[in-house]
Student: 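Mind looking over this structure? Questions follow.
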Amino acid sequence: MALITCEECLKSISDRAPACPHCGNPRTAAAPASSHSPPPQQPTAAAAALAKTNRDSSFGRKAMFGVFGVFAIIVIAGKLGGQTEQPRSAPQSSAPTPQKEVVAASAQDLFDAYQSNEVATDLRLKGKIIQISGRIQSIDKSVFDSMYISLETSNQFMPTKVKPIKQDESKIAQLSRGQQVVFRCQSIHRWVGSPMGEDCLLYSW
């Protein structure tokens with residue numbers, strides 16, 4: 001609260017009193033403050049340029065974040081797709097396995113061929129299945145406890161021999177000397193003057 005001078009009696013009164021308490025003169029109301037606020041200050045050219053730069057920078061950052069966000073989504077989707085995709089196996093070939101040629105010969109024929117030319121006979125029979133037929137001269141076992149059967153030739157000391165496969169052991173046990181048999185051997189070579197068939201299947205007896 002402040003003291004002011006009455007315009008009528010020139011005495012001091014309160015600035016809140018509606019009238020002078022001394023002379024009763026009503027106090028003149030102070031001019032109300034203007035209800036109009038000063039016009040807003042217009043931004044300067046520098047401020048406008050700065051605001052535009054800030055807007056452009058903000059738009060650029062948003063665009064950059066948007067591009068990175070799309071790229072990240074693509075990368076994540078690619079990784080998830082790679083995890084669920086099953087590797088494709090190579091197509092299986094349907095080509096049949098070529099069968100070996102079967103060369104049929106008697107025990108005597110093989111003995112004669114090796115006597116004539118061992119090198120040529122080995123080359124002719126290499127990679128083929130040799131079907132050997134003949135009459136049993138003996139059924140024996142080697143010092144390594146493996147079976148072998150001697151088939152008669154013109155030289156009783158150099159028969160054609162065959163080594164049966166282990167699976168045919170029970171069948172070999174039922175054979176006897178002088179019996180006619182046929183073996184199919186996976187390979188053949190000459191050993192101590194006699195033809196020797198290896199891995200031989202008892203084909204007929």
Side-chain angles (χ1 to χ4, degrees), residues 66-205:
V67 171
F68 280 122
V70 172
F71 179 75
I73 292 173
I74 293 174
V75 170
I76 294 173
K79 288 184 177 180
L80 292 177
Q83 290 175 356
T84 56
E85 183 179 358
Q86 297 297 328
R88 298 181 179 178
S89 58
Q92 298 295 327
S93 174
S94 58
T97 304
Q99 299 294 325
K100 287 185 178 181
E101 180 184 351
V102 178
V103 177
S106 66
Q108 185 63 50
D109 291 338
L110 291 171
F111 177 79
D112 292 341
Y114 273 106
Q115 283 288 92
S116 175
N117 190 329
E118 181 177 354
V119 175
T121 302
D122 276 341
L123 288 175
R124 184 168 64 90
L125 299 178
K126 184 177 181 180
K128 298 178 176 65
I129 294 176
I130 304 93
Q131 181 172 298
I132 308 172
S133 58
R135 190 181 302 275
I136 297 176
Q137 177 176 307
S138 64
I139 304 170
D140 306 290
K141 276 193 171 185
S142 69
V143 293
F144 302 105
D145 202 36
S146 59
M147 302 176 293
Y148 69 93
I149 295 176
S150 300
L151 303 178
E152 294 177 356
T153 66
S154 57
N155 186 336
Q156 62 176 342
F157 301 106
M158 293 182 182
T160 295
K161 298 180 180 181
V162 295
K163 290 183 177 180
I165 58 175
K166 185 68 176 176
Q167 291 86 337
D168 282 347
E169 184 175 18
S170 60
K171 298 177 183 178
I172 300 301
Q174 299 175 20
L175 300 179
S176 58
R177 183 177 178 180
Q179 186 174 351
Q180 190 74 25
V181 291
V182 178
F183 285 91
R184 282 192 171 183
C185 303
Q186 295 297 318
S187 63
I188 193 169
H189 59 92
R190 197 182 192 194
W191 184 76
V192 194
S194 295
M196 176 70 77
E198 301 282 351
D199 295 326
C200 301
L201 170 72
L202 182 57
Y203 187 66
S204 67
W205 63 98

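Here the structure is a predicted model, which is why all the values come from computation and not from measurement.
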Student: Heavy atoms, side chains only, cut-off 4.5 Å: are Ile149 and Pro164 in contact?
Tutor: yes
Student: Can you sort out the partners of Gln179 under side chain to side chain donor-acceptor pair (under 3.5 Å), two or more places apart, ordered by chain and number?
Tutor: none
Student: Could you list the donor-acceptor pairs under 3.5 angstrom formed by side chains in residues 121-135, with sequence neighbours left out?
Tutor:
residue : atom : partner : partner atom : Å
Thr121  : OG1  : Ala113  : O            : 3.1
Thr121  : OG1  : Asn117  : O            : 2.8
Asp122  : OD1  : Tyr114  : OH           : 2.7
Lys128  : NZ   : Arg124  : O            : 3.1
Gln131  : OE1  : Arg184  : NE           : 2.7
Gln131  : OE1  : Arg184  : NH2          : 2.9
Arg135  : NH1  : Gly178  : O            : 3.0

Student: If a pair satisfies side chain to side chain donor-acceptor pair (under 3.5 Å) and one of its residues is in residues 162-173, list it, with sequence neighbours excluded.
Tutor: Lys166-Glu169
Student: Do Gln174 and Ile172 have side chains that approach each other closer than 4.5 Å (heavy atoms only, starting at C-beta)?
Tutor: no
Student: Identify the heavy atoms of Thr160 and Ala107 that sit nearest to each other, and give their distance.
Tutor: OG1-O, 2.8 Å
Student: Is any side-chain heavy atom of Ile139 closer than 4.5 Å to a side-chain heavy atom of Tyr148?
Tutor: no
Student: For Val162 and Cys185, run side chain to side chain contact (heavy atoms under 4.5 Å, CB included): C-alpha distance rounded to whole Å, both residues' side-chain angles, the deciding distance at 0.1 Å, then the answer.
Tutor: CA-CA 8 Å; Val162 295; Cys185 303; 4.0 Å; yes
Student: List the residues meeting side chain to side chain donor-acceptor pair (under 3.5 Å) with Asp109, not counting sequence neighbours, and say none if there are none.
Tutor: Ser106
Student: Please tabulate, for the side chains in residues 193-205, all donor-acceptor contacts under 3.5 angstrom to protein atoms that are two or more places apart in sequence or on a different chain.
Tutor:
residue : atom : partner : partner atom : Å
Ser194  : OG   : Pro159  : O            : 3.1
Glu198  : OE2  : His189  : NE2          : 3.0

Student: Can you measure from CD1 (Ile136) to OG (Ser176) and round to the nearest 0.5 angstrom?
Tutor: 6.5 Å
Student: If a pair satisfies salt bridge (Lys or Arg N to Asp or Glu O under 4.0 Å) and one of its residues is in residues 136-157, list it, with sequence neighbours excluded.
Tutor: Lys141-Asp145
Student: My understanding is that only residues two or more places apart in sequence, or in another chain, count here; which of them pass side chain to side chain contact (heavy atoms under 4.5 Å, CB included) with Ser154?
Tutor: Gln108, Phe111
